[in-house]
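Here the structure comes first, spelled out in structure tokens, and everything after it is commentary.
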Amino acid sequence: MGVVFDAMPVLMGVFVVVFIGAVIFSIFIWTRNYKASKDAGMDIFTLETDLATRAANSQLFAPKQTREQKLAELDALLARGVITRDEYSRARLKILTD
């Protein structure tokens, strides 16, 4: 029992060094992440919400269009003059062969 009490100052010193190291590491990581998000043009306080919104609006989660919907959209693009007749033909062929 006396050995444990004799080693207490050493163990406490090791604990304090490890604790201070963990605090410094946490500050370093937080600072690095803050700088990276600012460089990417994001606000760190709304980062999680921004990423969730981007994911929700991405094509990955978008509902799949039916072949009829794709063809109707293609017809509308041609009618508005957004695509040429050649682009329309290639896109229509691709839709019909998929």
Side-chain angles (χ1 to χ4, degrees):
M1 194 71 158
V3 176
V4 173
F5 288 117
D6 291 341
M8 192 60 80
V10 174
L11 293 175
M12 188 58 108
V14 170
F15 174 76
V16 167
V17 168
V18 169
F19 181 77
I20 291 173
V23 168
I24 290 172
F25 181 72
S26 296
I27 292 171
F28 169 75
I29 294 297
W30 186 86
T31 305
R32 187 186 65 164
N33 289 344
Y34 175 81
K35 184 178 180 324
S37 63
K38 281 297 182 184
D39 289 345
M42 297 184 175
D43 181 8
I44 62 160
F45 299 111
T46 61
L47 184 61
E48 187 175 336
T49 303
D50 293 343
L51 292 175
T53 303
R54 286 183 186 182
N57 292 334
S58 73
Q59 290 297 326
L60 181 63
F61 296 114
K64 298 288 183 194
Q65 288 183 321
T66 64
R67 184 175 286 171
E68 292 80 18
Q69 291 171 326
K70 289 178 185 178
L71 290 172
E73 181 180 357
L74 195 58
D75 290 338
L77 290 173
L78 180 64
R80 290 189 318 220
V82 176
I83 59 174
T84 65
R85 186 58 134 167
D86 186 45
E87 292 170 327
Y88 172 81
S89 299
R90 281 184 279 147
R92 183 174 171 80
L93 181 63
K94 185 175 189 276
I95 292 170
L96 292 174
T97 57
D98 284 343

TODO: Name all pairs fulfilling the ring-ring contact (aromatic ring centres under 6.0 Å, His included) condition that reach into residues 9-29, sequence neighbours left out, sorted by first residue then second.
DONE: none
Task: Distance in Å, I29 CD1 paired with I24 CD1, rounded so as to fall on 0.5 Å steps - done: 13.0 Å
TODO: Please answer: with hydrophobic residues joined when any side-chain heavy atoms are less than 4.5 Å apart, are L96 and L74 in the same cluster?
DONE: yes
Task: side chain to side chain donor-acceptor pair (under 3.5 Å) pairs, two or more places apart, involving residues 11-32 - done: none
- [ ] Specify the closest pair of heavy atoms between Q69 and K64, including all atoms of both residues, with the distance to one decimal.
- [x] OE1-O, 4.2 Å
Open item on the list: I'd like to check Y88 versus L77 (side-chain heavy atoms, cut-off strictly below 4.5 Å). Are they in contact?
Closed with: no
Open item on the list: Please list all pairs meeting side chain to side chain donor-acceptor pair (under 3.5 Å) that have one or both residues in residues 76-86, counting only residues at least two apart or in different chains.
Closed with: T84-E87, D86-R90
Task: Reported CZ-to-CD1 distance for the pair R92 and I95, which is rounded to 0.5 angstrom - done: 8.0 Å
TODO: With sequence neighbours left out, write down each residue that passes side-chain hydrogen bond (donor to acceptor under 3.5 Å, both in side chains) with D39, or none if nothing qualifies.
DONE: K35
TODO: Drop me the distance from L71's CG to Q65's CD, to the nearest 0.5 angstrom.
DONE: 10.0 Å
Task: Least distance between heavy atoms, L78 atom then I83 atom - done: CD1-O, 3.7 Å
TODO: Output every pair passing salt bridge (charged side-chain N to carboxylate O under 4.0 Å, His left out) with a member in residues 66-79, not counting sequence neighbours, ordered by first then second residue.
DONE: none
Task: Non-neighbouring partners of D50 that pass side-chain hydrogen bond (donor to acceptor under 3.5 Å, both in side chains), sequence neighbours left out - done: T46
